[in-house]
Every structure is written in C-alpha cells, then in structure tokens.
J.: 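Right, I'll just put the structure down here and ask away after.
Protein chains get the first letters and strands the later ones, always in sequence-line order, with residue 1 at the start of each.
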Amino acid sequence: METDFVEELRWRGLLHDMMPGTQELLQKEVVAGYIGFDPTADSLHIGSLTQILTLLRFQKAGHKPIALLGGATGMVGDPSGKSAERNLLDEATLYKNIEGQKKQLEKFLDFSDPKTGAELVNNYDWMKGYSFIEFIRDVGKHLTVSYMMAKDSVKNRLETGMSFTEFSYQLLQAFDFYTLYKTKNCKLQMGGSDQWGNITSGAELIRRKNGGEAYALTTQLVRKSDGSKFGKTETGTVWLDKTKTSPYQFYQFWINTTDEDAKNYVKMFTFLTKQEIEALTAEHGKDPGKRILQRVLAKELTCFVHSEEDYRAALETSGILFNGGLSEFLKLNEATFLEIFEGVQKFDIQKKYLENGIGVLELLVERTSIFPSKSEARKMIIGGGLSLNKQKVETPDMIVGYDFMIKNKYIIVQKGKKNYYLCIVS
RNA sequence: GGGGGGAUACCAGAGCGGUCAAAUGGGGCAGACUGUAAAUCUGUUGGCUAAGCCUUCGGAGGUUCGAAUCCUCCUCCCCCCA
C-alpha cells in the first residue's frame with residue numbers, strides 16, 4: 001500500500017472518528033468504501049468537496065471508492081444536523097438533482113483501474129422495488145427503537161418533534177450500507193462527522209444480520225477560524241457547477257481565504273505532500289504579503305474542479321480587475337474584455353438615456369438594478385464606495401454621458417472593491 | 001397555587017412622558033492602511049424621489065396637546081417559594 005489512508009487523513013486534520021479496527025483493515029487488504037451524497041441540489045457545492053477528495057485519497061491509498069447518490073434517501077430527508085422537519089423534494093426536482101450530481105461525480109472520480117476504479121451507484125435502484133412490509137421485516141427487525149433513539153440526530157429532535165419518516169431515515173441508510181456490503185463487499189462507510197450515527201446504524205445492521213464486519217470513518221467538519229460556516233459567501237453557496245458559481249468566483253473564494261484558514265485548507269483540500277505543504281507554509285510565513293498559500297489553494301482547486309484553462313482565465317481576470325487601471329481595460333480587445341467580465345452581472349442600457357447625460361443615481365437604480373433604491377446608492381457614493389470605470393464617484397449628483405463609455409459601449413461599475421457590474425450601452 | 005422580573009431595531013442591551021428613528025457593544029456594509037489577509041482607525045447600518053415625509057419599541061385598547069416611556073386587558077418568556 002503506497003500510503004496509509006488513515007495516517008494521511010490524520011495529518012491533514014481530516015480525521016474525526018473511526019471504528020476500532022478500521023486502520024488495520026485498510027492496511028491488510030484492498031477495501032471497498034463508500035460515501036453517500038445527498039441530492040438536495042442539482043449541483044454539489046464546496047461542502048461536498050471534502051467527501052469527493054476523501055474518495056480520491058482513499059483510491060490513491062490503494063482502495064476502491066464507491067460514490068452513492070441518494071435517489072431513495074433523498075426522498076425521505078436526512079434529519080442529521082437539522083433542527084426542524086424538512087419539506088420533501090418532489091420527484092422532478094430530485095431527478096434533476098441526481099442527474100446534475102451524477103455528472104459532476106463522474107468528472108471527479110477515476111473509473112479506469114479495474115481493481116480500484118471508482119463506482120457510482122444510486123440507492124433508488126435497490127429501494128424502488130422494495131415493499132414496506134418486506135423492509136420492515138428484513139431491516140426494521142434488526143435494530144431496536146432504543147438504539148435508534150439514542151442517535152444524536154433523533155435525540156436532538158425529541159423535544160421539537162420529528163416525523164416517522166425522518167426517524168426511519170437511518171434505517172434506509174443502514175440498508176444502503178448493507179446492500180453494498182452484500183453486493184460489492186463494501187466494508188467501510190465514510191462521511192462527514194454528522195453522519196456518524198447513520199453510518200454506525202449500517203455497521204450494526206450488517207453485524208446483526210450477517211455477523212459481518214463493517215467499519216465506519218468520519219471526517220472533520222470544515223470550519224473557519226472565526227467560527228462561521230465554511231463554504232458560504234455573502235452571495236451564497238459556492239457551487240462546483242460553473243454556471244452557478246463561475247470559475248472566477250470560485251477562484252476568488254479561495255484567494256480570499258484568511259492566512260489562518262489557508263494553512264488548514266491547504267492540507268485539507270489539496271493533494272500536495274506533507275513536505276510540500278510545510279515548505280509552502282514556511283515560505284508563506286516569511287512574507288505573508290505574497291499570500292503564497294492562498295494562491296496555491298486557489299490554483300489547485302480551480303484546476304481540480306474546473307480546468308487549467310479556467311484557472312488561467314480566472315487568474316488573468318483577477319489581475320486585471322484588482323491591479324489594473326482603466327488603461328489596462330482599454331488595451332484589451334473586445335473579446336478578451338468580455339471574457340474578463342464573464343460571470344459578472346451585466347445590464348443593457350439604451351443609448352438614448354445617455355444622450356443628454358443621466359444622473360448616476362438614475363443609472364444605478366432605474367436603468368440597472370445595481371442598487372435597490374436611490375437612498376442606498378447615495379449612501380454608498382457618499383461613503384466613497386462606488387467607482388465608474390475605476391474612477392471613484394465623488395458626488396451623487398454626477399452626470400454620466402457618452403464620455404463615460406469605454407470602447408464606445410461599456411461602463412464598468414464597481415461597488416466596493418470586489419463587486420463588479422458591467423453596463424452595455426446599445 | 002403564591003410572589004417577582006421581562007418582551008426595544010440583525011443580535012445583545014440602555015432608555016422609563018416631549019430634546020427618541022431610539023445610547024452602547026457585536027454583527028453587516030463601505031473607506032483608509034495593507035496583501036483581494038489579519039489587526040487597527042473612520043464612516044454607515046428602519047424605509048423613501050433626502051426638503052422633508054412615512055412606518056417602528058410583544059399585541060389590542062385607553063389617558064395626554066404629546067407615549068418606547070403612564071393605565072387596562074391579552075399573549076409569550078424567565079426567576080423564586082409551594
């Protein structure tokens with residue numbers, strides 16, 4: 001075995017918990033292990049990244065990864081970590097979500113090796129023909145209510161209430177594990193630390209039903225150093241789908257990581273070796289201003305999730321947007337110019353409005369919806385937070401005319417330092 | 001069952017008849033510095049077409065020229081004694 005999977009997770013700060021004997025098992029033989037993905041959206045997001053990477057690390061350590069799509073479990077809803085009953089997803093949405101996630105997983109996982117090539121399964125395939133009576137007799141009989149009630153996901157909800165549907169969730173997931181154990185000799189289930197309860201239910205089921213051996217391993221929840229939730233920005237979730245979060249935004253997410261977090265993230269989210277990371281961290285410490293770690297992170301992940309081409313584009317865009325002046329923009333040809341503003345919100349403006357000049361406020365609020373009200377736009381301008389074509393707007397009374405158009409048709413609007421908008425005059 | 005204390009803007013929390021769109025802190029947003037980081041400092045933080053106007057202090061009524069502030073009832077929370 002090239003690397004010890006458990007040790008690797010440990011030094012990367014990813015290991016949360018595992019059942020006794022897990023490490024020994026992995027050292028002894030090639031193991032099939034699975035992680036389930038919950039189809040709550042049509043794209044995976046940055047939070048799922050840990051699990052995808054875990055599967056890949058697992059594979060690199062010489063084992064066989066299985067990714068499970070929750071076509072059946074998604075119909076029920078996992079109560080883990082939820083404080084209230086969830087709404088059920090309708091079938092059309094669920095189908096769309098499954099298809100979306102499937103495509104992404106196919107892209108990230110490596111299916112080539114005959115022995116350790118990844119597999120993708122959907123638990124709907126074995127649940128769809130299963131009747132309630134059968135299920136209750138085959139699965140439900142093996143776990144006691146008190147055992148199920150002892151799980152945190154259930155215990156935390158006893159006060160506020162929980163439907164039988166969500167209570168049963170752990171049985172479904174347990175049955176998944178059991179099925180994979182039977183059909184694919186899958187002895188290990190992995191997941192985020194919130195999945196511990198569900199995973200152990202599965203291991204328990206395998207033991208009771210077959211006297212079989214099954215193991216569990218969970219990874220650390222990714223946290224930011226300030227305690228806030230990882231993976232969200234002001235604008236929302238960071239998705240892995242480039243139509244939902246552009247590669248540029250994705251790149252920016254990592255570039256904006258704080259120094260403290262970057263040290264941990266480089267370990268958690270890249271495949272760089274311990275030596276490489278130590279060297280980088282030391283170098284970063286010498287001159288934090290260079291932000292070596294953030295750059296490495298952004299590069300590794302943008303390349304991994306999107307492509308090297310996307311990374312280059314994001315890098316170039318960032319360079320121009322953050323360091324360039326107006327002259328940089330003027331130098332670009334139109335195609336490149338538009339490429340840079342890919343993923344930036346755009347507004348069309350009719351030329352006639354600019355003919356006699358237009359107040360900035362009117363431009364920002366009525367002709368575009370960059371601000372919801374003139375009051376807000378006014379406040380931002382007075383606070384010095386608004387620029388047109390890289391030039392700070394000094395007064396809310398400013399008039400915008402033809403002379404503001406770059407290349408005869410564009411006006412670049414900047415709200416704060418990082419929020420760009422592009423007006424296209426036609 | 002008895003006694004007491006509360007409910008204020010995103011959160012915490014002052015105000016206790018006019019000077020209250022409501023102190024202060026946190027959070028958010030923006031600016032300066034820097035490194036697209038952190039820390040620090042500054043501004044801003046109910047809404048509006050910014051003169052001013054409109055809607056807010058648990059809910060419903062009332063007293064008053066005037067109520068977040070006083071009275072009555074209701075709802076909900078907390079504490080203490082049974």
J.: For B:G47 versus B:U42, give the span between their P atoms, rounded off to a whole number of Å.
T.: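 Looking at atom P only, B:G47 and B:U42 are 23 Å apart.
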J.: Name the closest nucleotide to the A:R291 side chain, picking from B:A37, B:G31, B:A50.
T.: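 The nucleotide sitting nearest to the side chain is B:A37.
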J.: Spell out yes or no: do the side chain of A:T258 and the base of B:A38 have one donor N/O and one acceptor N/O closer than 3.5 Å?
T.: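 Answer is no: no donor-acceptor pair is held.
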J.: Using the C1' atoms only, state how far B:G18 lies from B:A68, rounded to an integer number of Å.
T.: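 It works out to 13 Å between them.
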J.: Can you find a donor-acceptor N/O pair under 3.5 angstrom joining the side chain of A:Q252 to the base of B:U36?
T.: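 Answer yes: a donor N or O sits under 3.5 Å from an acceptor.
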J.: Taking B:A9 as the reference, what is the distance to B:U24 when you measure between their C1' atoms (whole Å, please)?
T.: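 About 14 Å, rounded to a whole number of Å.
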J.: Is there, by distance only and without an angle test, a donor paired with an acceptor across the side chain of A:K290 and the base of B:U34 below 3.5 Å?
T.: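 Not at all, since no donor on one side and acceptor on the other fall under 3.5 Å apart.
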J.: Please give the distance between the P atoms of B:C57 and B:G46 as a whole number of Å.
T.: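 After rounding to an integer number of Å, I get 15 Å for this pair.
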J.: Return the nearest nucleotide to the side chain of A:S375; candidates are B:U36, B:A32, B:C48.
T.: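 Per side-chain heavy atoms of A:S375, the pick is B:C48.
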J.: A:K379 side chain: which of B:G35, B:U36, B:A50 is closest?
T.: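 Among the listed nucleotides, the one closest to the side chain of A:K379 is B:A50.
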J.: Say you pick atom C1' in B:U63 and the same atom in B:A82; how far apart are they, in whole Å?
T.: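 After rounding to an integer number of Å, I get 39 Å for this pair.
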J.: Return the nearest nucleotide to the side chain of A:R378; candidates are B:U36, B:G35, B:A50.
T.: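 Of B:U36, B:G35, B:A50, B:A50 is nearest to the side chain of A:R378.
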J.: Among A:V222, A:V305, A:L44, A:V238, find the residue that satisfies the side-chain contact (heavy atoms from CB on, under 4.5 Å) test when tested with A:L49.
T.: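 Result for side-chain contact (heavy atoms from CB on, under 4.5 Å) with A:L49: A:V305.
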J.: Below 6.0 angstrom between ring centroids: does that apply to A:H306 and A:Y311?
T.: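 For A:H306 and A:Y311, the ring centres are not under 6.0 Å apart.
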J.: Would a line drawn from the ring center of A:F230 to the ring center of A:F269 be shorter than 6.0 Å?
T.: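 So the answer is yes for these two rings.
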J.: Nearest whole angstrom, please: distance from the C1' of B:G31 to the NZ of A:K415.
T.: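 Whole-Å distance recorded here is 16 Å.
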J.: On a whole-Å scale, what distance lies between the C1' atoms belonging to B:C78 and B:G61?
T.: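 My reading of the C1' atoms in B:C78 and B:G61 gives 27 Å.
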J.: For a quick test of reading the model: is some side-chain N or O of A:S373 closer than 4.0 Å to OP1 or OP2 of B:C48?
T.: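 Yes, A:S373 has a side-chain N/O under 4.0 Å of OP1/OP2 on B:C48.
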J.: Quiz question: going by heavy-atom distance under 3.5 Å, is there a donor-acceptor pair between the base of B:G35 and the side chain of A:D287?
T.: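 No pair found.
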J.: For B:A30, take OP1 and OP2 only and decide whether either is under 4.0 Å from a side-chain N or O of A:N419.
T.: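 Looking at the OP1 and OP2 atoms of B:A30, one of them is under 4.0 Å from a side-chain N or O of A:N419.
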J.: Say you pick atom P in B:A60 and the same atom in B:U8; how far apart are they, in whole Å?
T.: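 The same atom, P, in both gives a distance of 16 Å.
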J.: If you measure from the P atom in B:U45 to the same atom in B:C10, how many Å do you get, rounded?
T.: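 Comparing P positions in B:U45 and B:C10 gives a spacing of 14 Å.
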J.: Does a donor on one side chain and an acceptor on the other come within less than 3.5 Å for A:Q23 and A:Y215?
T.: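 No, A:Y215 and A:Q23 have no side-chain donor paired with an acceptor closer than 3.5 Å.
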